[in-house]
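Working notes, structure below.
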Amino acid sequence: MTPFQQEVYCALSLIPNGCVTTYGEIARHLGTKAVRAVGTAVGKNPNAPVVPCHRVVPSSGKIGNYSGEGGVATKIRLLKEEGIDVTDGKIVAYRQHHFTFEDLDDVL
DNA sequence: TACATGACTATCC
DNA sequence: GGGATAGCCATGT
């Protein structure tokens, strides 16, 4: 476990239920631009049940990938369970569910 | 130390 | 909006 991964998992745990965020947002919250590194860290995901890694999607509004049980299919199911509808591998009303860490500060 | 790889993003057609 | 290309940083060999 690298310190970088801990930062990533910590950020993931901040994502509220029923919301999704992008790798870019996470990277920005961590004060870095290493979105690829974030993806790598999340991909490892040694904290599978501890961290809601399924709430992380690419900026394209699609599902992206998932290394857990069942892969993307499970990721989609989990999101639906949280009230986020997914169709054809794409998130419905993606921008509506999109969460940014700025929201935690109530700055908006 | 150097090179290759990856759950990505931005830019250009 | 969607495919191709380049840039990016952390990790592992």
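Lettering follows sequence order; numbering is per chain, from 1.
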**Request:** Would you mind reporting whether V56(A) and V20(A) have side-chain heavy atoms less than 4.5 Å apart?
**Result:** no
**Prompt:** Any side-chain donor-acceptor pair under 3.5 Å between H29(A) and E102(A)?
**Reply:** no
**Asked** Is the backbone of T21(A) close enough, under 3.5 Å, to the side chain of R55(A) for a donor and an acceptor to pair up by distance?
**Response** no
**Message:** Under a 3.5 Å distance rule, please check whether K62(A) uses its side chain to pair with a backbone N or O of I91(A) as donor and acceptor.
**Reply:** no
**Asked** Where is the tightest heavy-atom contact between L30(A) and A11(A), given as atom of each residue plus distance?
**Response** CD2-CB, 4.5 Å
**Message:** Evaluate V35(A) against I26(A) for side-chain contact (heavy atoms from CB on, under 4.5 Å), listing each step before the verdict.
**Reply:** CA-CA 8 Å; V35(A) 295; I26(A) 295 173; over 6 Å; no
**Request:** For the residue pair Y23(A) and T40(A), establish whether any side-chain heavy-atom pair is separated by less than 4.5 Å.
**Result:** no
**Request:** Could you walk me through whether F99(A) and L104(A) pass the side-chain contact (heavy atoms from CB on, under 4.5 Å) test, one step at a time?
**Result:** CA-CA 9 Å; F99(A) 165 82; L104(A) 293 178; 3.7 Å; yes
**Flag, side chain of Y9(A) to backbone of A41(A), donor-acceptor distance under 3.5 Å** = yes
**Asked** L78(A) versus Y66(A): any side-chain heavy-atom pair under 4.5 Å?
**Response** yes
**Item:** Intermediate values then yes/no, side-chain contact (heavy atoms from CB on, under 4.5 Å), T32(A) and F4(A)
**Value:** CA-CA 10 Å; T32(A) 178; F4(A) 183 77; 4.3 Å; yes
**side-chain contact (heavy atoms from CB on, under 4.5 Å) between V92(A) and V86(A), intermediate numbers included** = CA-CA 5 Å; V92(A) 179; V86(A) 180; 5.8 Å; no
**Item:** Of R77(A), K90(A), K80(A), the residue whose pairing with D85(A) passes salt bridge (charged side-chain N to carboxylate O under 4.0 Å, His left out)
**Value:** K80(A)
**Item:** Close approaches to DNA chain B from residues 11-31 of chain A, in residue order (heavy atom, under 4.0 Å)
**Value:** T22(A), Y23(A), G24(A)
**Message:** Which residues in residues 53-70 of chain A have a heavy atom closer than 4.0 Å to any atom of DNA chain B?
**Reply:** C53(A), P58(A), S59(A), N65(A), Y66(A), S67(A)
**Request:** Give the B/S/- string for nucleotides 6-13 of chain C, one per nucleotide from 5' to 3', where a protein heavy atom under 4.0 Å of the base yields B, of only the sugar-phosphate yields S, and otherwise -.
**Result:** -BBBSSS-
Could you list, one pair per line, each protein nitrogen or oxygen that sits under 3.5 Å from a nitrogen or oxygen of nucleotides 11-13 of chain B, together with the distance?
none

**Complete:** Contacts of K33(A) meeting side chain to side chain contact (heavy atoms under 4.5 Å, CB included) (sequence neighbours excluded), chain-then-number -> none
**Asked** Can you check whether E25(A) reaches H98(A) side chain to side chain, under 4.5 Å on heavy atoms?
**Response** yes
**Request:** For DNA chain B, determine which residues of residues 78-89 of chain A have any heavy atom closer than 4.0 angstrom to one of its atoms, and list them numerically.
**Result:** none
